[in-house]
Amino acid sequence: MTEYKESKAPDGDARLDMLDHLANGEPWAFIVAKDLPGDEFNLAVEVGGGIRDAATVRALLTKTLRALPEDNHV
């Protein structure tokens, strides 16, 4: 089952401020994969620097998963 949930961090969130600083003003995406029981996992992504639309985020996640070797999938 695939679930898509979108949320927005509050203004002044220190974590996002640090990621913006590390990206040096460039668009960025930070992806976290959480291993679940069995062969399942959750992906979470935080974006900044101008990435705003859900379609771009979905494409980024899809391309990232396709680029992983089969034996290294989370």
Side-chain angles (χ1 to χ4, degrees):
M1 177 174 101
T2 301
E3 178 183 338
Y4 178 79
K5 181 171 60 173
E6 192 171 324
S7 60
K8 182 172 173 28
D11 290 337
D13 184 296
R15 177 184 54 194
L16 294 182
D17 289 345
M18 179 55 73
L19 291 171
D20 277 334
H21 176 73
L22 291 172
N24 197 27
E26 297 293 324
W28 56 267
F30 183 75
I31 300 171
V32 176
K34 181 179 179 183
D35 198 14
L36 298 175
D39 289 338
E40 296 187 22
F41 59 94
N42 281 342
L43 291 177
V45 62
E46 298 201 33
V47 296
I51 299 175
R52 302 214 184 278
D53 63 290
T56 300
V57 174
R58 269 199 282 329
L60 174 64
L61 292 172
T62 300
K63 289 178 181 189
T64 298
L65 288 172
R66 286 183 184 151
L68 293 173
E70 273 300 310
D71 60 342
N72 288 335
H73 281 192
V74 177

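From Phe30, atom CZ reaches atom CZ of Arg15 across 9.0 Å, with rounding to the nearest 0.5 Å. Once rounded to the nearest 0.5 Å, the distance linking CD1 of Ile51 with CG of Leu60 reads 6.5 Å. We find the CE-CG distance between Met18 and Asp13 to be 11.5 Å, quoted to the nearest 0.5 Å.
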Side-chain donor-acceptor pairs under 3.5 Å in residues 19-27, sequence neighbours left out?
| unit_1 | atom_1 | unit_2 | atom_2 | d |
| --- | --- | --- | --- | --- |
| Asp20 | OD1 | Trp28 | NE1 | 2.5 |

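In terms of heavy atoms, Val47 sits closest to Ala29 at CG1-CB, 4.0 Å.
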